[in-house]
Amino acid sequence: MTPHDVQRDFALQVLLQAIRLTHSGRRKAAIELGFRPDQLDRLVRLPVESLVELAACAKTKLIALAVDAEALNAAFTVLDRRQKENDLKDQLILAGASYTVMHELFAFDTVDYAEARKRLALSEHAGGRPPRPEPACQGRIWALWQRET
């Protein structure tokens, strides 16, 4: 794939997004991307095949793309913080933290807690009602109970 192919594909995606924005009533957002109203009017009338050809026709870059290094670093910082928090959640659950603790610390609901335990390959019954014993075991428990009372 050549740099021109990448530019063409990227331009096509931006053109399609501008059309989606316009059709969904967010024309102002498409204009904020740099499109003029008359250009949007033409774009929304083009069939898809013509959009592909339009993106390929450009001899220069239709779309200028730049990375904001500071914003990317900020995003990396947030990602690192979230990953550390997720690791801490896993460590606490592996150490036996109850649903109540996880709810208080991280606003877990019962589904979050059950999914985390499942993902960590832990028993689904920790901290809650134990599973019903097998019938043979139930009989032994009943016999011992009767003998003790």
J.: Does one hydrophobic cluster hold both L120 and L105, with members joined at side-chain heavy-atom distances below 4.5 Å?
T.: yes
J.: Atom CD of Q83 and atom CZ of F76: how far apart are they, to the nearest 0.5 Å?
T.: 10.5 Å
J.: Spell out, as yes or no, whether a donor-acceptor pair under 3.5 Å connects the side chain of D112 to the backbone of D109.
T.: yes
J.: Between Y113 and A97, which heavy-atom pair has the shortest distance, and what is it?
T.: OH-O, 2.7 Å
J.: Does any part of the side chain of F106, heavy atoms only, come nearer than 4.5 Å to the side chain of N86, both counted from C-beta?
T.: no
J.: Between R147 and L144, is any pair of side-chain heavy atoms under 4.5 Å apart?
T.: yes
J.: How far does CZ of R119 sit from CG of D90, to the nearest 0.5 angstrom?
T.: 4.0 Å
J.: Quick check against the 3.5 Å criterion: does Q146 have a side-chain atom that pairs as donor or acceptor with the backbone of I141?
T.: no
J.: Got a second to check how far H103's NE2 is from T100's OG1, nearest 0.5 Å?
T.: 8.5 Å
J.: When you check the gap from the basic side-chain N to the acidic O, do R81 and E85 get nearer than 4.0 Å?
T.: no
J.: When rounded to the nearest 0.5 angstrom, what is the spacing between CG in D87 and CG in L92?
T.: 11.0 Å
J.: Would L12 end up clustered with V6 when hydrophobic side chains under 4.5 Å apart are linked, directly or stepwise?
T.: no
J.: Which heavy atom of A55 sits nearest to which heavy atom of A11, and what is that distance?
T.: CB-CB, 4.4 Å
J.: So which heavy atom on Y99 is nearest to which on F108, and how close?
T.: CE1-O, 3.7 Å
J.: Rounded to the nearest 0.5 Å, how far does CZ of R8 lie from CD of E53?
T.: 12.0 Å
J.: Decide yes or no on side-chain contact (heavy atoms from CB on, under 4.5 Å) for I19 and F35, but give the supporting numbers first.
T.: CA-CA 11 Å; I19 292 169; F35 291 96; over 6 Å; no
J.: How far apart are the closest heavy atoms of R26 and Q17, and which atoms are they?
T.: NH2-NE2, 4.4 Å
J.: Does a side-chain heavy-atom distance below 4.5 Å link K28 with E32?
T.: yes
J.: In a table with atom names and distances, give each donor-acceptor pair under 3.5 Å that connects a side chain of residues 39-48 to protein atoms at least two apart or in another chain.
T.:
from: Q39; atom 1: OE1; to: R36; atom 2: N; distance (Å): 2.9
from: D41; atom 1: OD1; to: R27; atom 2: NH1; distance (Å): 3.1
from: D41; atom 1: OD1; to: R27; atom 2: NH2; distance (Å): 2.9
from: R45; atom 1: NH1; to: D41; atom 2: O; distance (Å): 3.1

J.: Working to the nearest 0.5 angstrom, can you tell me the gap between R20 CZ and L15 CG?
T.: 10.5 Å
J.: Taking atom types as modelled and ignoring hydrogens, do the side chains of T2 and D5 form a donor-acceptor contact shorter than 3.5 angstrom?
T.: yes
